[in-house]
Amino acid sequence: MSDPRAQEVLQRVFGYESFRGDQQAIVDHVIGGGDALVLMPTGGGKSLCYQVPALVRAGTGVVVSPLIALMQDQVDALTELGVRAAFLNSTQDWRVARDVEQAFLAGELDLLYVAPERLLTDRCLQLLERGRIALFAIDEAHCVSQWGHDFRPEYLGLSMLHERWPDVPRIALTATATAATRVEIAQRLALDEAQHFVASFDRPNIRYRIVEKNEVRRQLLDLIRTEHEGDSGVVYCLSRARVEETADFLCQNGINALPYHAGLSTAVRAANQSRFLREDGIVMVATIAFGMGIDKPDVRFVAHIDLPKSVEGYYQETGRAGRDGLPATAWLAYGLQDVVQQRRMIDESPGDEAYRRRLGQQLDAMLGLCETVECRRVRLLAYFGQTITACGNCDVCLEPPQAWDGTVAAQKVLSAVYRLWKERGQRYGAGHIIDILRGKVTDRTRQHGHETLSVFGVGADLSENAWRGVLRQLLAQGLLAVDHEGYGTLALTEGSRAVLKGERQLMLRREPERKARGAKSGGRARAAVDLPAEVQPLFEALRNWRGEVAKSHGVPAYVIFHDATLREIALARPASMDELGHINGVGVRKLEAYGEDILRLVA
């Protein structure tokens with residue numbers, strides 16, 4: 001039986017008519033005192049799963065969050081709703097922290113956000129002992145997994161919450177975890193008795209596209225200009241230097257881009273993050289240090305210009321696009337050099353053999369997603385144990401690649417590598433192997449006499465780009481290895497023999513010819529789906545009004561209202577406070593504060 005108090009809080013505070021998916025069951029379970037482990041995709045409404053129970057149960061909900069930089073925005077958003085929320089972290093001076101502590105002890109807080117490092121101090125634990133706690137919410141719970149893509153050692157100490165407060169329910173939440181990671185989270189947080197709630201991992205509004213690298217910064221610029229002009233987006237790079245170069249390149253080409261990585265000062269990082277959250281149309285170029293917990297709902301694209309290390313990392317990062325449910329793009333460019341670089345990083349990584357083997361398995365799964373000739377979404381969700389039919393909203397479904405018999409081409413590559421090693425005792429990288437196969441005379445082929453090799457020129461029928469595709473796929477499938485002692489040169493593997501002997505057929509992926517894109521295919525046009533032309537001016541007027549209000553309150557625009565709420569207002573054209581109160585996202589507090597202004601705009 002669902003708790004009527006939860007429904008009342010949902011409508012009065014948050015302005016939603018009903019719960020979505022598993023939210024109702026999770027909320028009821030936690031209100032009843034049960035522990036929960038919740039897996040829900042980004043944008044699926046995880047925060048309501050602890051915010052509603054915290055408002056229903058007696059006491060203060062304590063939220064453990066690793067994101068000091070975002071606590072202010074989370075608290076601002078709740079304050080706008082009339083919720084009594086605060087945080088404790090190292091950015092506050094002692095007077096402000098003292099006021100928050102006193103408010104907690106006086107029972108004047110509904111929600112208190114704390115970083116795990118702060119929570120585990122004696123001072124904080126003693127404070128919590130003296131107050132009344134409604135629940136503990138452990139956000140970004142995958143941070144406790146040592147195999148995960150975002151491990152935070154301080155999370156390991158959170159298992160003691162159960163020992164010190166055995167009667168307080170705990171809810172651990174994450175957007176990404178395989179079945180194995182789920183087991184690890186439950187063990188490390190002592191959530192052995194917790195009920196698991198696993199929502200669908202599918203984000204149908206995101207279009208997944210993976211392209212072959214070819215002047216990647218130009219490709220990125222083309223994506224932004226033709227499909228996402230003026231949109232907010234995130235571009236992920238593997239290194240700090242790459243972040244700086246890419247942000248500079250985009251700025252020089254008229255894109256409003258900012259860098260974010262761990263090498264920047266705390267002040268610069270905080271300022272850039274604040275601008276990204278509060279201004280429209282900013283592109284954040286970042287390492288994976290950026291993004292966890294970013295609540296910005298209108299990120300229209302996430303681009304990767306380097307290959308992510310794991311499917312979990314890729315899914316988590318792409319999940320920051322389109323949290324508002326409107327169309328968004330997840331775009332990844334990857335090439336031969338990415339595979340070589342990632343294999344090298346694994347071989348050189350500190351850690352035992354089991355650790356490196358695990359990293360290798362994660363990379364293999366990521367490469368499998370890149371090279372698949374079946375629906376990307378089918379492959380992506382299968383990694384998390386979910387089965388779906390072809391999605392119709394990924395590049396493979398929309399422009400199917402061809403599979404071709406690459407056995408002979410593979411034999412030519414492997415023979416070239418074999419002969420160079422066997423006959424000359426030499427190893428070379430991909431570029432030189434391709435020159436030999438295509439019969440290209442260079443200073444290097446002349447110097448080493450490689451024009452006399454029997455394999456010289458046997459691959460003249462394929463372009464350099466096509467050969468790079470073959471080499472990339474042989475590396476991806478473990479049929480070629482990177483010999484890092486030889487500075488990234490190529491070597492045969494155990495699997496090479498069967499291909500060379502003709503005992504194994506190799507079907508390879510051939511990219512479809514890309515059609516020239518229209519100047520504005522996608523981006524704003526796709527985001528404005530379902531908005532008739534006559535409604536567009538009202539929607540823009542509402543957005544402009546929202547921007548002014550947000551600026552005067554010193555908060556991001558989405559804290560006032562999400563785009564999805566403004567779209568619904570523009571379509572419904574409410575004529576009274578009562579009608580406006582039934583729009584999703586318009587709770588009692590916001591109706592009182594902004595209702596008359598909105599009705600004036602609509603009229």
Under 4.0 Å between a Lys/Arg side-chain N and an Asp/Glu carboxylate O for Asp298 and Arg300? no
Any donor-acceptor pair under 3.5 Å from Gln11 side chain to Tyr16 backbone: no
Residues, nucleotides or ligands: over 12 heavy atoms within 6.0 Å of Glu17 CD: yes
Heavy-atom donor-acceptor pair, Asn256 side chain to Ile282 backbone, under 3.5 Å: no
Going by atom types alone, do Asp202 and Ser200 pair a side-chain donor with an acceptor below 3.5 Å? no
Do the ring centers of Tyr315 and Tyr383 come within less than 6.0 Å of each other? no
Regarding Glu312 and His142, do their side chains bring together a donor and an acceptor under 3.5 Å, going by distance alone? no
Using a 3.5 Å distance criterion without hydrogens, assess whether the side chain of Gln23 forms a donor-acceptor pair with backbone atoms of Leu48. no
Checking Arg217 now: which residues fulfil salt bridge (charged side-chain N to carboxylate O under 4.0 Å, His left out) with it, not counting sequence neighbours? none
Verify whether one side chain among Tyr208 and Arg379 offers a donor that lies under 3.5 Å from an acceptor in the other. no
How long is the span from the CG atom in Asn89 to the CG atom in Leu119, to the nearest 0.5 Å? 13.0 Å
With distance as the sole criterion, is a donor-acceptor pair present between the side chains of Thr287 and His261 under 3.5 Å? no
Sidechain N-carboxylate O distance under 4.0 Å for Arg543, Asp280: yes
Can you confirm whether Lys309 is buried at NZ, in the sense that more than 12 heavy atoms of other residues, nucleotides or ligands lie under 6.0 Å from that atom? no
Is the closest basic N to carboxylate O distance between Arg472 and Glu212 below 4.0 Å? yes
N-O pairing of Arg546 and Asp563 below 4.0 Å: yes
Might you work through the side-chain contact (heavy atoms from CB on, under 4.5 Å) test for Phe301 and Val283, ending with a clear yes or no? CA-CA 9 Å; Phe301 71 93; Val283 174; 3.9 Å; yes
